[in-house]
Amino acid sequence: MDKILIIGACGQLGTELTLKLREIKGKDNVIASDILDEPIALLSDGPYEKLNIMNKESFQIILEKYDIKQAYHLAAVLSAKGEQNPHFAWQLNMESLLTVLEAGKNQLDKIYWPSSIAVFGPDTPKENTPQNTIMGPNTVYGISKLAGERWCEYYHKQYGVDVRSLRYPGLIGYKALPGGGTTDYAVDIFHKAIAGENYECFLSEKTSLPMMYMDDAVKATIDLMETDQQNVKVRSSYNLAAMSFTPAEIAKEIQKHYPDFEISYNPDFRQKIADSWPGSIDDSVARNNWGWQHSFGLKELTEVMINNLRKEIVFD
Ligand code: NAD
């Protein structure tokens, strides 16, 4: 069994992806790594390495120690945090990707690296945004993801590196908290509702954004990594979609479970970021190339988030 390294394993996506890969591949075959000294509790039953991915030597030592064959590189500065420290975001997001891609030349058989709907910008067609279209991102995060997509395709074409990528929409899950993105409200809102509190949203009522439940995102990621090379026809990054909703729509869905729950709106700097992104995504290329299908819409998402967060609160 190939040994797999997850870089940025303790984050919102990494936590759930590591858990799922350990379930499928066996926990000793999936090495979690993150800049944190210790793994988060959910990941403490398998191998863990403290790794700052900016340190190339440390990365190399871990690759050799475990004879790693596949890497999932998830560490990044996200959209909202990136605007607060643009140079650092560019440095981390770009340099770390190039380090991992270089290892793809002779050491790694397969690499996964996530892109984002942030690669699109204000001039992109807003609804059913196609796979190939005007891009023009205007956040440092989006610029770094678009440049990263070009590097992935370049390393594939020039050096035959088997790197695969998805443009995730906003990801929503209950196991880990989000790390500073523009769609974080769609996780925070559930925590407030379950605590019996109202929610003040940092985006406006009518801001429609593409979103996805974490199980679907994890499934898409593993499906793409497991499919035959010949099915992977896009080597920049695939559009990926499940649902789109506004803050008002998700609040309405939550009110079906918590009738007294109320939402108010106080848009901040993240509104401008959200306004530059698509409202919905055409992911037919992913569906046609490697059979992508989502399972969760807004109704199912709301039920699963509420049921699981409720359980966590009871156990706490
Ligand atoms: P996150 O911020 O929750 O997690 C990132 C993890 O990387 C954290 O655990 C952090 O400690 C770690 N990290 C930071 N700097 C590091 C370093 N120098 N070395 C090693 N680890 C480091 O992010 P996430 O939401 O899990 O996102 C994972 C990936 O998916 C990112 O590339 C992100 O751009 C992409 N993505 C996420 C979303 C989303 O909604 N969450 C949407 C689109 C794309």
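Hydrogens, waters and symmetry mates are skipped; everything else that's a heavy atom, side chains included, is used. Counting starts at 1 for both ligands and their atoms, following the listed order.
Side-chain contact between Glu312 and Tyr174 is present, with heavy atoms from C-beta onward closer than 4.5 Å.
Ligand 1 has no atom lying under 4.0 Å from any heavy atom of Ala9. Under a 4.0 Å heavy-atom criterion, Trp113 is not in contact with ligand 1. Residue contacts with ligand 1 include Lys145, since one of its heavy atoms falls under 4.0 Å from the ligand.
Counting atoms of ligand 1 from 1 in the listed order, those under 4.0 Å from a heavy atom of Leu92 are 15 (N), 18 (N). Near Gly170, meaning under 4.0 Å from one of its heavy atoms, ligand 1 places the atoms 40 (O). Within ligand 1, the atoms closer than 4.0 Å to a non-hydrogen atom of Cys10 are 9 (O), numbered from 1 in the order shown. Those atoms of ligand 1 that come under 4.0 Å of a heavy atom in Asn52, given as number and element, are 17 (C), 18 (N), 19 (N). Near Ser115, meaning under 4.0 Å from one of its heavy atoms, ligand 1 places the atoms 43 (C), 44 (C). Atoms of ligand 1 found under 4.0 Å from any heavy atom of Ala76 (numbered from 1 in listed order, with element): 31 (C), 32 (O), 34 (O). Listed by number with element, the atoms of ligand 1 under 4.0 Å from a non-hydrogen atom of Gly179 are 2 (O), 3 (O). Atom numbering of ligand 1 starts at 1 in the shown order; those under 4.0 Å from a heavy atom of Gly8 are 6 (C), 7 (O), 12 (C).
Not a single N or O atom of Ser116, backbone or side chain, sits closer than 3.5 Å to an N or O atom of ligand 1. Note: an N/O pair closer than 3.5 Å links Asp34 and ligand 1 by distance alone. An N or O contact shorter than 3.5 Å is missing between Pro178 and ligand 1 by distance. Ligand 1 has no nitrogen or oxygen under 3.5 angstrom from a nitrogen or oxygen of Ala75. By the 3.5 Å distance cut-off applied to N or O atoms, His73 is not counted among the residues near ligand 1.
Between Trp151 and Tyr154, the ring planes lie perpendicular to each other; the angle is over 60°, past the 30° to 60° tilted range.
If you check which protein heavy atom lies closest to atom 41 (N) of ligand 1, you get Gln12 OE1, 2.9 Å. Nearest non-hydrogen protein atom to atom 43 (C) of ligand 1 is Tyr168 CB, 3.4 Å. Given atom 42 (C) of ligand 1, the protein heavy atom at minimum distance is Pro169 O, 3.3 Å. Among all protein heavy atoms, the one lying closest to atom 26 (O) of ligand 1 is Leu13 N, 2.8 Å. Of the protein's heavy atoms, Tyr141 OH, 2.6 Å lies nearest to atom 34 (O) of ligand 1. Of the protein's non-hydrogen atoms, the one nearest atom 30 (O) of ligand 1 is Pro114 CG, 3.5 Å.
Considering each of Gly11, Gly180, Gly82, the one bringing a non-hydrogen atom nearest atom 5 (C) of ligand 1 is Gly11. Scanning Leu171, Leu74, Thr183 for the heavy atom closest to atom 31 (C) of ligand 1 points to Leu74. By heavy-atom distance, the residue among Leu36, Ile35, Leu97, Val77 lying nearest atom 14 (C) of ligand 1 is Ile35.
Residue-environment remark: CD (Gln293) stays at or below the threshold of 12 foreign heavy atoms within 6.0 Å.
With a 4.0 Å heavy-atom cut-off, ligand 1 is reached by no atom of Ile117.
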Show me, pair by pair, the donor-acceptor contacts under 3.5 angstrom made by side chains of residues 210-226, not counting sequence neighbours?
from	atom 1	to	atom 2	distance (Å)
Asp216	OD1	Ser295	N	3.0
Asp216	OD2	Ser295	N	3.0
Asp216	OD2	Phe296	N	2.9
Lys219	NZ	Asp223	OD2	2.8
Thr221	OG1	Tyr168	OH	2.6
Thr221	OG1	Ala217	O	2.6
Glu226	OE1	Lys25	NZ	3.4
Glu226	OE2	Lys25	NZ	2.8

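Under the 3.5 Å distance criterion, the side-chain polar atoms of Asn29 are left unmatched by any main-chain donor or acceptor of Lys3. Thr15 places no side-chain N or O within 3.5 Å of a backbone atom of Gln12 that could act as its donor or acceptor partner.
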